[in-house]
Number of protein chains: 2
Amino acid sequence: MTKDATTKTDADSPMHATKQRLIGAGLQMLLKHGYNDMGIQALLAATGTPKGSFYHHFRDKEDFALQVLDSYMAAVHDGLDACLQDASRPPLARVRDFFETTQRSYREEGYMGCLIGGLGQELSGISEVFRAKIAECFSAIAGRIAGCLEEARQRGDIPAGCNVRELADLLVDCWEGAALRSRLERKPDALNTMLDFYMGAVAGGGGVGQGTAPA
Amino acid sequence: MTKDATTKTDADSPMHATKQRLIGAGLQMLLKHGYNDMGIQALLAATGTPKGSFYHHFRDKEDFALQVLDSYMAAVHDGLDACLQDASRPPLARVRDFFETTQRSYREEGYMGCLIGGLGQELSGISEVFRAKIAECFSAIAGRIAGCLEEARQRGDIPAGCNVRELADLLVDCWEGAALRSRLERKPDALNTMLDFYMGAVAGGGGVGQGTAPA
DNA sequence: AAATCGGAATAGACCGGTCGGTCTAATGAA
DNA sequence: TTCATTAGACCGACCGGTCTATTCCGATTT
């Protein structure tokens, strides 16, 4: 079995500076332009990289985007680690904290939204590779959140009969929709409203849908 | 009012058959490929149209996509008309009916999702024209739904303190996220779960998050 | 230490293909 | 006639990707 050099994010190699630079700039460009509108030439010009280097480090454009996605997912998992594992806080608060942190990072990027959602929309119709990969990304994130919701369920913070996996998938899905809206409107309101609604509803309760008072 | 059953993309022109054909095929291709991956050549080949006809009816590719979007929105408004105006049914049931109808149409198209959401994700970062237009599309749909929710509020079907416009925006946003997930997984589960959750939560209540039993 | 070697990485000219878009001419209906 | 529409050859630009050449740098040899 030949060694699969593609799509590896892990750090068994030093990951040369040039490759890092390309992936970093590629993330920004993919967030803004999406896949099809991001040109290799533009990426090389923006980073001052000759073409030979790019095709030395990446098999082709698809391989590159998949590795950018791996890098993005690694950052997401880091965020999940940082938020969900703080055993001193109630599990629902940890989940909320993760999404509030994510929302902050969206703003810092200028409301370009979520790379996974963006590439998913653009490519799921034309690339089985991306479709499957991105579905797996969402599933992985939801899996992490489901674990935290299960803690909440066992503490009685959410109803015992809940299907935590379904609730976690739902949260991720709604989040992506709100992220699109926030991207379109260049403001975080949709994200905040969605999070308030979800947390209110899942915790069993009162006050649902009574956000900001009507004007 | 003209008979013009199909779309009122433009004012009151009879809308030539060739133009109709291009818009119809363009909708399918834009749903599957998105904007940047949809080639004019491919569209012309698929419809047997010479290039001269295309550029006679449309200024350029952007103009074409915008008109496809207009046509799509007209269909959405037709769906809203058909579902939301049936005064014999409770308003919340009408809202639900609209989304269930929409979900059925997604399946019939092979789970290509929503054109508005797809183009929104792909183009909002690079085209101010599309960004503003698509934001307006979502706003218009949410406005229609908010009207129906207001009826529900006045009947006491949802809490009196609700901000119906916010609730309607939220519904549209979460729907789009679930539509993306359903597209990625080629199945409607995410859409159904989302709708159940929303309706349960907004109506004030019980049973939230207790969908299908775990396997 | 100096010389040498070899693969990794850089460098950019170059390629075929396709893209969106233009142009001129033929055709059809009023 | 007149003008909207059809028809498709044609265009320059740019795309992703290949190719050959060069440079860099640590390991090996002496």
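Letters A, B, ... mirror the listed sequences (proteins, then strands); counts begin at 1.
- For the pair B:Gln41 and B:Arg21, nearest-nucleotide mapping onto DNA chain D gives the more 5' position to B:Arg21.
- Within the 4.0 angstrom heavy-atom criterion, base atoms lie near A:Lys51.
- The residue B:Gly39 sits close only to the backbone: its heavy atoms come under 4.0 Å of sugar-phosphate atoms, none of a base.
- Of the N and O atoms on the side chains of A:Ser139 and B:Arg181, not one donor lies less than 3.5 Å from an acceptor on the other residue.
- A:Leu191 CG to A:Cys174 SG: the interatomic distance, rounded to the nearest 0.5 Å, is 11.5 Å.
- A straight line from CG of A:Leu43 to C1' of D:dC14 spans 16 Å, rounded to a whole angstrom.
- Pairing each heavy atom of A:Ala168 with each of A:Ile145, the nearest pair is CB-CG2, 3.9 Å.
- Rounded to whole angstrom, the span from the CG atom of A:Asp63 across to the P atom of D:dG17 amounts to 10 Å.
- Nearest-nucleotide assignment on DNA chain C puts the 5′-proximal partner with A:Thr49, out of A:Thr49 and B:Met38.
- If you walk DNA chain C from 5' to 3' and mark each nucleotide with an atom closer than 4.0 Å to a heavy atom of chain B, the marks span C:dC19 to C:dT22.
- Using bins of under 30°, 30° to 60° and over 60° for the plane-to-plane angle, the ring pair B:Phe99/B:Trp175 lands in the tilted bin.
- The aromatic rings of A:Phe197 and B:Phe197 stand perpendicular to each other, their planes meeting at an angle above 60°, with 30° marking the opposite boundary.
- Between A:Tyr35 and A:Phe130, the distance from one ring center to the other falls under 6.0 angstrom.
- To the nearest angstrom, C1' of D:dC14 lies 14 Å from CG of A:Leu44.
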